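Working notes for the structure below.
The first residue of the sequence shown is numbered 1, and numbering continues consecutively from there. Only a predicted model underlies this, so the values are computations on that prediction, with no experimental measurement involved.
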Amino acid sequence: MVRTLDEGDAVDPWRRRERRSRRQMPLWQELPLLLVVAFCLAVLIRTFLLQAFFIPSGSMEDTLLVNDRVLVNKVVYDVRDPQRGEVVVFRGTDKWVAQEVQEPEPGIVGKFGRTVGDLVGVSRPGEKDFIKRVIGVPGDRVRCCDAQGRVTVNDIPLDEPYVIRDSPLDLPPNPAECRSRRFDEVVVPPGQIFVMGDHRLVSQDARCQGPVPIENVVGRAFAVVWPSSRWASLPVPETFATVTGPTPAAGQPLAPVRPSGTGGVLLLLPVSAALSVLARSGRPVRLRRRRLHP
């Protein structure tokens, strides 16, 4: 039996291709596939590019509040070292004491939810994860205080409007806690950074727990993303532009800064992968051919 082409197919082969493209994967098969792809992309982004971190304590108030979530660029320090004034997330050394209150052991459902949240980067931080502001980089001389009670870096005082609640000047220094504002001059060792919290009265930081190795830095926090009422970027305060000083102790200048000033990155690879999977799922984006009227 000879099959005859209808007039439309004979005239317009595009119509035949469009008809075949309508044979797509059923929704009940496509939806689980898309969920798996979305989860894998979230894990990929969390592992290599960006991660959301939960703020468990008030050590960075009022810049960051308890229960805020910040977005952290995890690749920026692959091309350069941290700079003064940036807010960074890092793993504390053995000297650093966790500040968050330990919660009761969760049940099976709680453990599963925490595992999934950790994979996609929205869970609570670990006991050794901290977020602070970089005050000094390798080779810097950091101390407090000058005649006006300000922190100085390389003898240059910092005007810190982000410090709302500072430590008292009349409290004597105590190596066991960081409640005092005054501390002796510290020369930041090679390969390390001197960090402090913005809420100096409660922050346990480099004043008493020591500098942090740069290799322990997870990334730069560049934006508050939750709650929506607190959406804001985390730029470097202007006061740090006045600080000059030595390059790192090894004598090597910092690598050129390639990421943007806000710490953003281009997520071209995950987006391309998502589009590729969607195209393979049987729901391609059809481009309608325009016809020119005579």
Side-chain angles (χ1 to χ4, degrees), residues 34-77 82 85-92 98-104 106-107 109-134 161-165 195-200 202-205 216-237 259-271 273-274:
L34 294 179
L35 291 176
V36 170
V37 170
F39 180 79
C40 292
L41 288 177
V43 173
L44 176 67
I45 293 172
R46 183 263 189 205
T47 303
F48 298 105
L49 300 177
L50 302 174
Q51 183 175 355
F53 276 84
F54 173 89
I55 305 301
S57 72
S59 66
M60 282 294 292
E61 293 178 348
D62 287 343
T63 304
L64 300 174
L65 305 181
V66 176
N67 295 329
D68 279 356
R69 280 172 172 78
V70 296
L71 204 56
V72 174
N73 182 339
K74 301 181 72 172
V75 299
V76 61
Y77 297 137
E86 295 177 338
V87 177
V88 297
V89 172
F90 59 92
R91 294 181 299 275
Q99 296 184 137
E100 64 171 313
V101 178
Q102 297 300 314
E103 296 182 339
V109 176
K111 289 181 179 180
F112 176 77
R114 181 171 295 184
T115 300
V116 174
D118 182 65
L119 285 174
V120 299
V122 295
S123 65
R124 297 179 68 89
E127 295 181 12
K128 285 293 186 178
D129 291 334
F130 297 85
I131 184 165
K132 306 289 180 186
R133 190 180 298 277
V134 179
Y162 48 84
V163 178
I164 307 300
R165 289 178 285 275
V195 296
M196 298 173 68
D198 290 355
H199 190 345
R200 302 285 163 78
V202 301
S203 176
Q204 299 298 302
D205 47 43
N216 283 23
V217 177
V218 175
R220 176 186 175 185
F222 65 92
V224 180
V225 295
W226 190 261
S228 58
S229 60
R230 286 185 42 77
W231 283 352
S233 62
L234 297 172
V236 174
S260 66
T262 59
V265 294
L266 297 179
L267 305 179
L268 296 180
L269 181 60
V271 172

Output the distance between atom [atom1] ([X]) and atom [atom2] ([Y]), rounded to the nearest 0.5 Å.
X    : Y    : atom1 : atom2 : answer
S57  : L65  : OG    : CG    : 11.0 Å
F90  : K132 : CZ    : NZ    : 6.5 Å
I131 : F53  : CD1   : CZ    : 8.5 Å
R133 : D205 : CZ    : CG    : 12.0 Å

Evaluate the side-chain proximity of F222 to V76: yes if any heavy-atom separation is below 4.5 Å, no if none is.
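Side chain of V76 against side chain of F222, heavy atoms only: no contact under 4.5 Å found.
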
Minimum side-chain heavy-atom gap H199-I164 below 4.5 Å
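A side-chain contact under 4.5 Å is absent here.
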
So, does N216 use its side chain to make a donor-acceptor pair with the main chain of R91 at under 3.5 Å?
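Side chain of N216 to backbone of R91, a donor-acceptor pair under 3.5 Å: yes, one is there.
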
Does any N or O in the side chain of D68 come within less than 3.5 Å of the main-chain N or O of I55, such that one atom is a donor and the other an acceptor?
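Looks like no, no N/O pair under 3.5 Å.
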
Do you know which two heavy atoms are closest between [X] and [Y], and how far apart they sit?
X    : Y    : result
V202 : S59  : CG2-CA, 4.1 Å
F54  : N67  : CZ-OD1, 3.0 Å
P237 : Y162 : CG-CE2, 3.5 Å
L234 : R220 : O-NH2, 3.4 Å
P82  : V217 : CG-CG2, 4.4 Å
E86  : V236 : CG-CG2, 3.7 Å

If you apply the rule side chain to side chain contact (heavy atoms under 4.5 Å, CB included), what do you find for V89 with K74, and how did you get there?
CA-CA 9 Å; V89 172; K74 301 181 72 172; over 6 Å; no

Thinking salt bridges, do D62 and R165 make one under a 4.0 Å N-O criterion?
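Yes.
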
Check the pair V88, Y77 against side chain to side chain contact (heavy atoms under 4.5 Å, CB included), reporting the backbone distance first and the verdict last.
CA-CA 10 Å; V88 297; Y77 297 137; 3.3 Å; yes

